[in-house]
Protein chains: 2
Amino acid sequence: MDHITKQAAEPLPVTPSSATHKAYAALRRMILIGEFSPGEKLKIDTLRKVLDTGASPVREALSLLTSDQLVERIDQRGFRAAATSKANFEEILGLRCHLEDMALRKSVANGDDAWEERLVLAHHRMVREGRDNDEAFEERHKAFHMALLDNCDSPVLMKFCNQLYDLNIRYRYLAGRALGYQKRDIAREHADILAAAIERDADLAARRLIDHYRQTGAFLTDLLDDNGQPRD
Amino acid sequence: MDHITKQAAEPLPVTPSSATHKAYAALRRMILIGEFSPGEKLKIDTLRKVLDTGASPVREALSLLTSDQLVERIDQRGFRAAATSKANFEEILGLRCHLEDMALRKSVANGDDAWEERLVLAHHRMVREGRDNDEAFEERHKAFHMALLDNCDSPVLMKFCNQLYDLNIRYRYLAGRALGYQKRDIAREHADILAAAIERDADLAARRLIDHYRQTGAFLTDLLDDNGQPRD
DNA sequence: AAGTTGTAAAAACTCGATATTTTCAGGTGT
DNA sequence: ACACCTGAAAATATCGAGTTTTTACAACTT
């Protein structure tokens, strides 16, 4: 029996543990939840201290975030948190509707039992998490929405959807608590999308998904001024 | 009159001159024209010598290319040129058709004289360059296609189209000289797209553009094996 | 007062060296 | 023969210092 002891001692870190990756994850989170205001200068040295790491990982992380469009880079002049605007928000909303519609339809078309089970699970985890913990819920919420799409068998499309989803989260946090005031049954909307997906009714699922986005979108648009800041 | 002398003394370097940017441009070019084979390991130290620069710029450039999906990164294990496959090529082709269709229609909808003139100019430059110099023509060719789209007033969409276009160039170079054997009048196709755009006929322009892509796509597909390598 | 120029501080960028991790070849025991 | 361990070599990732560029501000000119 001895010869299998070492077998799987370590769980094989699927999550990268490099300083660069940690800096990337931390900075991404900070930008999404609004710890930096749009356009704010991101000084290497400051971040280096905050994240307790070297300048190289910080720079690399910021470079990666640049391509996610969460950070803007000006040559020889450093990095800033990406600017926001109502136009940008509406562009993202429109693209999201378009691309997620496409991805969802492909997902449904490829639908199998395994996907169905992943969906149910992702939905359950989201529901169970509840709204108590904003950040944790946000993560489950994203996981559910991405699970709807990830059967589309199109990695590039998924990457785009992922990116756009993140950009949207940021606007949601910018609008802040006001979002709670919506008179909508979000839980019901999610359940209805799930149901349509399980029924393999692509048209219905896509319509419900897009309505879901557009309603939140319309609500958010009213809340934001031209620069994407909360109105009052 | 003196008070305007200094007005625009320096052309204000629009082209960034940092080592990172130069490394990025050089590596992007090398990957697009196929100087690295798909999946090839990109060793920092080797590239450092080839590009005659430090390790930091090389790493940052590779990070940026990662987000362009031209380079893949494996944590603690360095960078590789992105893999290719027929599936990937076809995914890119499909997305391109979809997104460029959308962008072109928006461009036409926003069409004005200035855009029309930019189009004519971009087309002329492409024609004038001729096929003598592959790389130069490639640049003009891209400029023309992007000019068709860039009036869509949607920066994020443009970024996606740009990225997909680059990914496609790479497959075009992979297929190599064989592409010349096509029995098609490419110049005519371009002229027809241009004409439809100038006429503000969005449906016709979009149809012609997509046919243009799908024809090249079908030709390329036949030429590539499952791993995206030339068949013979 | 408005604008220009010069200088000092700050920040970004780059480099070379060090530390950490991975890879690979050779040896050992089953 | 096969898997497993071991240790040297190679490559990556990270750090800290040095260089270059930008920014801020004050003094000077018109």
Side-chain angles (χ1 to χ4, degrees), chain A residues 1-27 36 39-67 70-82, chain B residues 1-27 36-37 39-67 71-82:
Chain A
M1 281 288 183
D2 305 9
H3 61 290
I4 58 162
T5 44
K6 261 277 179 103
Q7 179 211 36
E10 302 165 50
L12 228 285
V14 186
T15 337
S17 62
S18 61
T20 294
H21 182 84
K22 278 187 274 193
Y24 172 76
L27 288 173
F36 302 117
E40 181 176 344
K41 186 118 204 347
L42 302 175
K43 283 184 252 197
I44 308 283
D45 204 56
T46 307
L47 298 177
R48 203 187 56 63
K49 284 166 193 156
V50 172
L51 303 177
D52 188 36
T53 185
S56 315
V58 171
R59 289 187 61 81
E60 255 187 75
L62 288 172
S63 290
L64 291 169
L65 289 164
T66 294
S67 311
L70 289 170
V71 165
E72 286 164 4
R73 171 181 210 156
I74 313 170
D75 205 73
Q76 305 286 41
R77 215 159 299 187
F79 302 85
R80 330 182 134 265
Chain B
M1 282 289 183
D2 306 8
H3 61 289
I4 55 162
T5 45
K6 260 277 174 102
Q7 182 208 34
E10 302 168 48
L12 228 286
V14 186
T15 336
S17 61
S18 60
T20 294
H21 181 85
K22 278 188 275 193
Y24 172 77
L27 289 173
F36 303 117
S37 7
E40 181 177 346
K41 186 120 206 344
L42 302 175
K43 282 186 250 194
I44 308 283
D45 205 55
T46 307
L47 298 177
R48 203 186 58 63
K49 283 164 193 156
V50 172
L51 303 176
D52 188 36
T53 185
S56 315
V58 171
R59 289 187 61 80
E60 258 187 73
L62 289 171
S63 289
L64 291 169
L65 289 164
T66 294
S67 312
V71 165
E72 285 164 5
R73 172 181 209 156
I74 314 168
D75 205 73
Q76 306 284 41
R77 216 159 300 187
F79 302 85
R80 329 182 136 267

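Side chains are part of it too, since the values below use all heavy atoms of this structure and drop only hydrogens, waters and symmetry mates. Within every chain, numbering begins at 1; the chains are lettered A, B, ... in the order of the sequence lines, protein sequences first and strands thereafter.
Distance, I74(A) CD1 to dA11(C) P: 16 Å, rounded to whole Å. We find that NZ of K22(A) is positioned 13 Å from C1' of dT20(C), with the value rounded to whole Å. The distance between atom CZ of F79(A) and atom C1' of dA12(C), rounded to the nearest whole Å, is 9 Å. The interatomic distance linking L62(A) (CG) with dC13(C) (C1') rounds to 13 Å, in whole Å. Between D45(B) atom CG and dT12(D) atom P there is a gap of 8 Å when expressed in whole angstrom units. R77(B) places its CZ atom 14 Å from the C1' atom of dC24(C), with the value rounded to the nearest Å. In this structure, the CD atom of E60(B) is 7 Å from the P atom of dT14(C), given to the nearest Å. Atom NZ of K43(B) is separated from atom P of dA10(D) by 10 Å (rounded to the nearest Å).
A close approach under 4.0 Å does occur between a side-chain nitrogen or oxygen of R59(B) and OP1 or OP2 of dA13(D). The side chain of S18(A) contributes no N or O atom lying less than 4.0 Å from OP1 or OP2 of dT12(D). K41(A) has a side-chain polar atom (N or O) that falls below the 4.0 Å cut-off from OP1 or OP2 of dA12(C).
Residues A26(A) and L51(A) share a closest heavy-atom pair of CB-CD2, 3.9 Å.
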Let me have the donor-acceptor pairs involving side chains of residues 53-61 of chain B, under 3.5 Å, with sequence neighbours excluded, atom names and distances please.
unit_1: R59(B); atom_1: NE; unit_2: E60(A); atom_2: OE2; d: 2.8
unit_1: R59(B); atom_1: NH2; unit_2: E60(A); atom_2: OE1; d: 3.4
unit_1: R59(B); atom_1: NH2; unit_2: E60(A); atom_2: OE2; d: 3.2
unit_1: E60(B); atom_1: OE1; unit_2: R59(A); atom_2: NH2; d: 3.4
unit_1: E60(B); atom_1: OE1; unit_2: S63(A); atom_2: OG; d: 3.2
unit_1: E60(B); atom_1: OE1; unit_2: R73(A); atom_2: NH1; d: 3.2
unit_1: E60(B); atom_1: OE1; unit_2: R73(A); atom_2: NH2; d: 2.8
unit_1: E60(B); atom_1: OE2; unit_2: R59(A); atom_2: NE; d: 2.7
unit_1: E60(B); atom_1: OE2; unit_2: R59(A); atom_2: NH2; d: 3.2

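Rounding to the nearest 0.5 Å gives a distance of 12.5 Å between CG of D52(B) and CG of L47(B). Between the CZ atom of F79(A) and the NZ atom of K41(A) there is a distance of 9.0 Å, given to the nearest 0.5 Å. For the atom pair OG (S17(B)) and CG (D75(A)), the distance works out to 6.0 Å, reported to the nearest 0.5 Å.
Residues L70(A) and L27(A) are not in side-chain contact: their nearest non-hydrogen atoms beyond the backbone lie 4.5 Å or more apart.
With sequence neighbours excluded, no residue forms a salt bridge (Lys or Arg N to Asp or Glu O under 4.0 Å) with R80(B).
DNA chain C is contacted by T53(B), G54(B), S56(B) of residues 46-56 of chain B, taking any non-hydrogen atom closer than 4.0 Å.
Looking at the side chain of A19(A), the nearest of the listed nucleotides dT14(C), dA13(D), dT14(D) is dT14(D).
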